[in-house]
Amino acid sequence: MPDTQKLSFHVPDPGLRPGDTPDFSHVKIPQAGSVRRPEIDESPAEMRDLAFSIIRVLNRNGQAVGPWAGSLDTERLIEGLRHMMTLRIFDARMMTAQRQGKTSFYMQHLGEEAVSCAFRLALEPGDMNFPTYRQAGLLIASGYPMTQMMNQIYSNEADPLRGRQLPILYASQEHGFFTVSGNLATQFVQAVGWAMASAISGDSRIAAGWIGDGSTAENDFHAGMVFASTYRAPVVLNIVNNQWAISTFQGIAVGEAGTLAARGHGFGIPALRVDGNDYLAVHAVAKWAVARARRNLGPTVIEYVTYRAGGHSTSDDPAAYRPKEESAAWPLGDPILRLKTHLIEIGAWSEERHVQAEAQIRDEVIAAQKAAESIGTMHSGRQPSPREMFEDVYAEMPAHLIRQRHEVGY
Amino acid sequence: MPDTQKLSFHVPDPGLRPGDTPDFSHVKIPQAGSVRRPEIDESPAEMRDLAFSIIRVLNRNGQAVGPWAGSLDTERLIEGLRHMMTLRIFDARMMTAQRQGKTSFYMQHLGEEAVSCAFRLALEPGDMNFPTYRQAGLLIASGYPMTQMMNQIYSNEADPLRGRQLPILYASQEHGFFTVSGNLATQFVQAVGWAMASAISGDSRIAAGWIGDGSTAENDFHAGMVFASTYRAPVVLNIVNNQWAISTFQGIAVGEAGTLAARGHGFGIPALRVDGNDYLAVHAVAKWAVARARRNLGPTVIEYVTYRAGGHSTSDDPAAYRPKEESAAWPLGDPILRLKTHLIEIGAWSEERHVQAEAQIRDEVIAAQKAAESIGTMHSGRQPSPREMFEDVYAEMPAHLIRQRHEVGY
Amino acid sequence: MARMTMVEAIRDAHDVAMARDDRVIVFGEDVGYFGGVFRCTAGLQKKYGKSRCFDTPISESGIVGTAIGMAAYGLRPCVEMQFADYMYPAYDQIVSEAARLRYRSAGEFTCPIVVRMPTGGGIFGGQTHSQSPEALFTHVAGLKTVVPSNPRDAKGLLLAAIDDPDPVIFLEPKRLYNGQFDGHYDKPIVSWKKSELSEVDEGYAPIPLGRAKLRREGRDVTILAYGTMVHVALAAVADSGIDGEVIDLRTLMPLDIDMITASVRKTGRCVVVHEATLTSGFGAELVALVQQECFWHLEAPVARVAGWDTPYPHAQEWHYFPGPPRIAKALQAVMEA
Amino acid sequence: MARMTMVEAIRDAHDVAMARDDRVIVFGEDVGYFGGVFRCTAGLQKKYGKSRCFDTPISESGIVGTAIGMAAYGLRPCVEMQFADYMYPAYDQIVSEAARLRYRSAGEFTCPIVVRMPTGGGIFGGQTHSQSPEALFTHVAGLKTVVPSNPRDAKGLLLAAIDDPDPVIFLEPKRLYNGQFDGHYDKPIVSWKKSELSEVDEGYAPIPLGRAKLRREGRDVTILAYGTMVHVALAAVADSGIDGEVIDLRTLMPLDIDMITASVRKTGRCVVVHEATLTSGFGAELVALVQQECFWHLEAPVARVAGWDTPYPHAQEWHYFPGPPRIAKALQAVMEA
Ligand SMILES: Cc1ncc(C[n+]2csc(CCOP(=O)(O)OP(=O)(O)O)c2C)c(N)n1
Ligand SMILES: Cc1ncc(C[n+]2csc(CCOP(=O)(O)OP(=O)(O)O)c2C)c(N)n1
Ligand SMILES: [Mg+2]
Ligand SMILES: [Mg+2]
């Protein structure tokens with residue numbers, strides 16, 4: 001019998017829009033320390049629960065609690081705090097630089113600093129990240145010179161990418177930072193390929209793939225999962241769920257389906273969900289997954305639950321599509337504040353030292369910026385030669401490109 | 001500390017190759033009747049178990065048992081048996097016809113007849129299938145004329161597709177059979193789009209997407225899952241796991257990850273696994289999923305566990321990559337034999353009637369074949385005009401195609 | 001008659017199409033609530049509801065794939081790729097499916113969809129926000145390819161594209177969205193409202209696909225262009241003082257070969273202009289056709305001015321862009337040949 | 001020196017490359033245990049192990065995407081698309097990633113991969129086993145595109161492609177895999193072993209990319225062809241009695257424009273031949289270049305003979321295929337112009 005009921009069309013909706021009062025009561029947040037820590041060789045089928053919870057270490061009082069605590073010593077934590085502070089100040093200055101017309105475009109990490117900064121410390125030299133545009137913390141935390149980053153952002157004469165690439169789409173073989181693509185998700189499966197290559201070569205280096213919540217909808221997310229699963233590639237597959245993809249909330253990518261981490265289950269890949277604003281939790285989970293990969297136990301999916309506190313990019317104003325105060329209402333707090341509180345709580349830090357550190361870092365960033373600007377910015381100073389436009393299309397310039405280069409007069 | 005252990009590369013392997021003795025002891029087969037039947041509005045999170053088992057109705061003795069039994073009356077079952085027998089005889093004749101040079105290519109359903117034949121009976125007129133090349137049972141079971149199918153296979157003058165399309169890539173709006181693509185997986189997301197359109201239009205018709213085990217690795221599988229999940233589209237997403245994709249066993253697509261059905265979980269889509277060689281089970285599960293879609297409860301994933309008993313196509317010889325006797329060792333048996341046994345068991349059928357039916361169906365198929373061959377085959381008789389080559393590129397033929405057509409002399 | 005920017009005209013075309021035909025459905029990334037990153041669909045969700053204008057997951061293949069299914073159902077989806085540079089994941093669905101649905105099913109199923117996408121450079125978007133992939137569509141039988149150069153055409157052609165029974169690729173030069181642009185990037189931006197080309201017919205007024213438009217009569221040389229390059233070509237003509245005849249192709253497939261042929265036979269010279277990379281660009285096809293149809297009238301080789309055969313660079317944008325000086329130089333060369 | 005079919009020559013090239021360079025890795029759908037549906041990789045898994053030659057999931061994007069990652073690591077992946085018609089899901093990875101890796105990272109990362117794929121018709125494969133998508137690659141800066149026409153070249157060019165520091169698209173005319181074919185489809189198949197072109201140099205003997213090969217000297221007209229069409233063009237020359245000069249381009253990008261120019265300047269006439277659809281095919285680029293470089297030497301418009309602007313049909317295959325009669329007709333027309 002046909003059921004003659006009419007179908008209706010469902011479109012997920014964040015519910016709250018500009019003017020509404022933000023409300024995150026639907027986000028279930030387990031207590032810090034409450035989620036178990038499996039052995040790294042535990043079978044994926046035995047740890048499905050971890051995709052539906054949130055691993056957290058720092059509690060409200062700034063104490064590190066539970067089985068995931070203790071992956072870093074105090075010195076490293078202070079270092080981590082400085083990385084995050086550096087990234088935030090760097091971002092703020094570059095946002096301003098963009099408004100001043102010194103570059104065409106910028107994307108910041110506001111609220112998400114812990115994810116890339118803490119992850120980086122879990123890697124070894126030689127490991128390779130395949131990042132999106134929102135993981136500059138990987139560079140900061142690995143000591144990549146800020147002036148180089150700014151040279152790239154300004155597309156000036158010293159830009160290591162010779163002015164060819166959009167700002168912030170950095171690349172550094174040495175710092176384990178694969179050339180960032182403007183096309184979403186393509187890097188996710190490339191990371192798997194790199195990891196496969198390492199395994200094929202009997203190497204011990206591993207790879208990390210990165211993707212945003214919105215970008216998990218892209219097809220290459222699937223390709224990455226399939227190949228990682230089939231060949232048990234030594235790769236950590238990072239999903240940064242910052243709740244927003246430009247103007248669309250994560251429900252458009254996730255449906256009302258549970259979690260992005262759970263996508264790992266269909267591939268037999270263990271999947272962990274972690275408080276992305278908890279530096280300690282991010283590091284502990286990353287370390288676990290990295291060890292698993294390095295022990296030849298295969299891929300791990302990690303979903304970082306965080307919040308994009310700023311606009312998508314300098315071209316975006318979130319006031320057009322979400323409540324203004326939503327960012328402040330985000331229940332997982334601010335990663336810098338939380339780590340700072342923890343360090344103070346354990347007596348390793350103080351408000352004064354924080355203020356001092358902030359001033360010092362600001363000076364460092366400003367110095368870097370001055371150095372970069374003394375070379376040039378987008379529209380002033382020394383810029384890369386138009387000749388650069390024709391280089392690196394191929395290893396050797398073919399005749400037709402030489403002719404074209406001559407036409408421009410170089 | 002870097003763990004200096006060397007990585008090694010893992011490639012899944014079927015283990016058994018030509019010359020080895022087939023062994024399916026790793027395939028866990030639950031008893032018929034043992035898997036529960038949830039309410040159609042049960043929450044997907046509550047029925048994850050169903051993706052890791054196999055729903056079966058017919059037991060070894062040919063009895064229909066358990067909560068999924070009883071979805072069809074005896075008359076319909078006999079009809080179903082005839083559909084499967086028709087498909088098998090049709091296939092056998094076309095395989096021969098291909099060897100005789102009457103067509104360029106053919107793909108058969110040997111061993112998988114239950115899947116498409118039983119599924120079709122769960123649909124209503126107006127519903128739309130987006131099939132692969134291995135669901136001709138959908139046409140047979142909906143009364144599409146066999147002569148038309150053969151005209152298409154022979155690319156003769158009466159070919160409804162005017163000789164343009166590879167054999168067996170049928171298309172029939174009226175019979176709810178979307179034009180089959182040569183490109184794998186593209187139809188999976190199109191099915192979701194059709195279902196979305198039905199919901200947008202306040203219609204009551206639903207769609208069914210089809211895909212093979214190997215093809216689930218394609219990117220558009222993901223696109224289909226994402227859109228079905230986000231918009232809760234009224235669609236049944238069918239995965240036919242016949243263990244092989246040309247020469248690669250299902251482990252290459254699935255990894256050692258559990259089941260293909262479980263891929264639904266990451267999308268909050270309920271996923272059922274069913275004995276694809278059990279006509280009753282296939283129908284019962286299909287009916288459940290169709291009802292769910294029609295009640296606006298959204299998509300369902302169904303994985304049919306079956307076995308490709310023949311070669312991939314007429315261009316393929318499986319003796320090159322799998323043990324010869326593997327097909328006979330397949331533990332879920334033959335769908336026709338199993339339904340026949342059941343019908344005999346319940347006293348609705350007999351060996352004599354079976355032999356009779358077989359003879360009668362063979363006559364029907366032969367008559368259809370004669371009718372088609374009286375028009376023409378691939379290389380003899382009446383063929384479509386070369387003029388047809390230029391039609392239907394666009395609704396209206398543009399000037400440059402008219403010029404090109406004139407050049408051919410038509 | 002109202003004066004509109006190109007964005008407004010595109011929005012208006014959507015609005016008119018949706019109002020007159022329930023089957024018209026609009027979707028894409030950020031297209032629903034927000035109204036598109038270039039605002040081309042702003043207001044549509046509010047007016048027509050979430051069932052007819054909605055946001056999608058970031059999956060170009062999913063967008064085009066579902067649109068194809070919807071078209072097969074009987075709807076008329078008009079979808080947006082956020083940038084043409086991001087259409088590649090959908091390329092399989094466009095080429096293997098949309099383009100061949102009618103052909104392979106002998107008309108049992110058809111695919112009346114429109115795939116809109118912003119193209120071209122001029123916004124310092126670098127290699128992934130600047131591409132002009134028209135040649136990747138014109139090579140594919142079964143597709144129509146449209147490139148408007150002004151608000152008036154954008155509206156009329158989009159209406160025709162939505163009505164069209166076949167899949168239409170609708171390329172929108174993003175540099176023209178919010179203002180006129182003639183390639184003199186160092187001059188201040190000129191509002192569309194100052195141009196007659198921003199006078200958009202009210203209501204339903206489609207402009208048929210397949211007809212080019214003469215933008216400037218001239219006797220010396222025919223210039224074939226489309227999109228942004230029409231204006232750049234006009235500027236080059238003005239700058240060079242050469243009496244160029246500028247044809248705005250508007251539709252690349254089907255192509256208005258008659259207007260092209262008549263013009264080149266008259267002028268005896270031809271320069272083809274586009275922003276996409278030179279090699280295997282659509283300009284190659286135009287040259288091939290022109291030399292075939294007008295060989296005995298040609299007094300000089302047909303010249304091409306196009307993007308260099310490199311990815312679109314970021315900082316060197318204006319060295320890459322085939323601006324008025326490069327076109328003027330080519331005009332000169334053709335005149336002197 | 002051994003006589004080989006094209007399949008054997010390709011297999012041999014793989015073998016030689018894998019033996020001399022550990023970094024060479026071969027994979028694709030059905031490529032491992034079975035050795036490929038056309039058998040081009042048969043025996044490699046057995047010889048080099050599952051880590052260096054393996055089967056993949058059916059995901060063209062995954063195949064090319066992982067190959068890119070492997071190349072960035074330092075390996076030299078040589079992958080197979082089962083048919084060129086199925087490369088579209090990988091097109092984004094090829095165009096947006098492989099082609100631009102070196103450029104966008106200023107050489108920090110490079111992409112020495114080879115993507116092999118069988119192209120062309122002649123096996124009644126219908127619209128999804130017959131395509132020739134070379135123009136979709138030649139338009140993309142950063143890619144090299146190679147099309148061998150015989151076993152000898154197939155081996156040498158594949159070795160060079162694998163060595164190449166940049167991504168190479170390697171198109172294999174499937175109609176030539178197992179025997180010679182000159183377009184006379186009604187004549188019996190001629191074994192490769194009867195042709196000198198099947199004499200393949202032993203061991204490591206790469207043939208540099210970017211050099212065309214003169215297949216037949218002639219005075220009347222230059223014929224530009226590649227892949228299967230080289231042989232069809234030669235047959236057309238024989239059939240027509242016109243003294244055609246046949247150039248086998250071998251590499252479309254970079255193109256041996258010097259040989260082309262010299263020949264056309266000599267003959268004054270040119271016919272361009274390919275199997276892909278006419279409009280925006282690579283032939284358009286060739287015509288554009290020829291008329292640019294040889295305008296004052298041309299005594300007739302450059303003609304194109306190509307596949308019709310339709311999908312590749314199944315039953316009408318030989319009406320679609322640009323066989324010797326159509327080429328001969330074009331030669332005649334060009335001579336009479
Ligand atoms: C293939 C492709 N499609 C669309 C875009 C445009 N785009 C750039 S960023 C973005 C949103 C990504 O959201 P998410 O993955 O959540 O990352 P986030 O920005 O939140 O870090 C979109 C749609 C693109 N860059 N590439
Ligand atoms: C995009 C694409 N890639 C590759 C192929 C070649 N191909 C045709 S069928 C097939 C195997 C499909 O296996 P599966 O999905 O398991 O379906 P089955 O044949 O078992 O029914 C392959 C690789 C194709 N048709 N399309
Ligand atoms: Mg996000
Ligand atoms: Mg299969």
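Below, all heavy atoms of this structure are taken into account, side chains as well, without hydrogens, waters or symmetry copies. Please read these numbers as outputs of a predicted model, since none were measured by experiment. Letters go in sequence order (proteins before strands), and every chain restarts at 1.
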[X] versus chain D, the contacting section by heavy-atom distance below 4.5 Å:
X	value
B:Ile246	both
B:Leu166	both
B:Val393	side chain
B:Met378	side chain

Starting from the C-alpha separation in whole Å, work towards a yes-or-no answer on side chain to side chain contact (heavy atoms under 4.5 Å, CB included) for D:Phe181 and D:Ile189. CA-CA 7 Å; D:Phe181 181 66; D:Ile189 290 169; over 6 Å; no
Please report the closest heavy-atom contact between [X] and [Y], naming both atoms and the distance.
X	Y	result
D:Ala236	D:Pro324	CB-O, 3.6 Å
D:Pro173	D:Thr228	CB-OG1, 3.2 Å
D:Ala306	D:Ala276	CB-O, 3.5 Å
D:Val334	D:Ala300	O-CB, 3.6 Å
D:Cys53	D:Val31	SG-O, 3.8 Å
D:Ala315	B:Pro384	CB-CG, 4.4 Å

Among the listed options B:Pro12, B:Pro167, B:Ala217, the residue most often paired with chain D at heavy-atom distances under 4.5 Å: B:Ala217
If you count heavy-atom pairs under 4.5 Å between each of B:Ala253, B:Pro386, B:Ala245 and chain D, which one has the most? B:Pro386
Donor-acceptor pairs between chain D and chain B under 3.5 Å, which ones?
{"unit_1": "D:Asp30", "atom_1": "OD1", "unit_2": "B:Ser247", "atom_2": "N", "d": "2.8"}
{"unit_1": "D:Asp30", "atom_1": "OD1", "unit_2": "B:Ser247", "atom_2": "OG", "d": "2.6"}
{"unit_1": "D:Lys50", "atom_1": "NZ", "unit_2": "B:Val11", "atom_2": "O", "d": "2.8"}
{"unit_1": "D:Lys50", "atom_1": "NZ", "unit_2": "B:Asp13", "atom_2": "OD2", "d": "3.3"}
{"unit_1": "D:Ile58", "atom_1": "O", "unit_2": "B:Glu218", "atom_2": "N", "d": "3.2"}
{"unit_1": "D:Ser61", "atom_1": "OG", "unit_2": "B:Asn219", "atom_2": "ND2", "d": "3.3"}
{"unit_1": "D:Asp85", "atom_1": "O", "unit_2": "B:Asn183", "atom_2": "ND2", "d": "3.3"}
{"unit_1": "D:Tyr86", "atom_1": "OH", "unit_2": "B:Gly182", "atom_2": "O", "d": "3.1"}
{"unit_1": "D:Gln127", "atom_1": "NE2", "unit_2": "B:Arg164", "atom_2": "O", "d": "3.4"}
{"unit_1": "D:Asp309", "atom_1": "N", "unit_2": "B:Gln404", "atom_2": "OE1", "d": "2.8"}
{"unit_1": "D:Asp309", "atom_1": "OD2", "unit_2": "B:Gln404", "atom_2": "NE2", "d": "2.9"}
{"unit_1": "D:His314", "atom_1": "N", "unit_2": "B:Gly163", "atom_2": "O", "d": "3.4"}
{"unit_1": "D:His314", "atom_1": "N", "unit_2": "B:Arg164", "atom_2": "O", "d": "3.2"}
{"unit_1": "D:His314", "atom_1": "ND1", "unit_2": "B:Ser155", "atom_2": "OG", "d": "2.8"}
{"unit_1": "D:His314", "atom_1": "NE2", "unit_2": "B:Ser104", "atom_2": "OG", "d": "2.6"}
{"unit_1": "D:Ala315", "atom_1": "N", "unit_2": "B:Gly163", "atom_2": "O", "d": "2.7"}
{"unit_1": "D:Gln316", "atom_1": "NE2", "unit_2": "B:Arg162", "atom_2": "O", "d": "2.9"}

Would you mind telling me which of D:Gly35, D:Pro57, D:Pro311, D:Gly125 has the largest number of heavy-atom pairs within less than 4.5 Å of chain B? D:Pro57
If I measure from the heavy atoms of chain B, does D:Phe54 come under 4.5 Å with its side chain, its backbone, both, or neither? side chain
Heavy-atom distances under 4.5 Å only: say whether D:Leu278 touches chain B with side chain, backbone, both or neither. side chain
How far apart are the C-alpha atoms of D:Met229 and D:Val305, what are their side-chain angles, what is the distance that settles it, and do they pass the side chain to side chain contact (heavy atoms under 4.5 Å, CB included) test? CA-CA 10 Å; D:Met229 301 314 291; D:Val305 184; over 6 Å; no
If you define the side chain from C-beta out and look only at heavy atoms, does anything of D:Phe321 sit under 4.5 Å from D:Val232? yes
Name all residues meeting the ring-ring contact (aromatic ring centres under 6.0 Å, His included) criterion together with D:Phe282; count only those two or more places apart in sequence or in a different chain, and write none if there are none. none
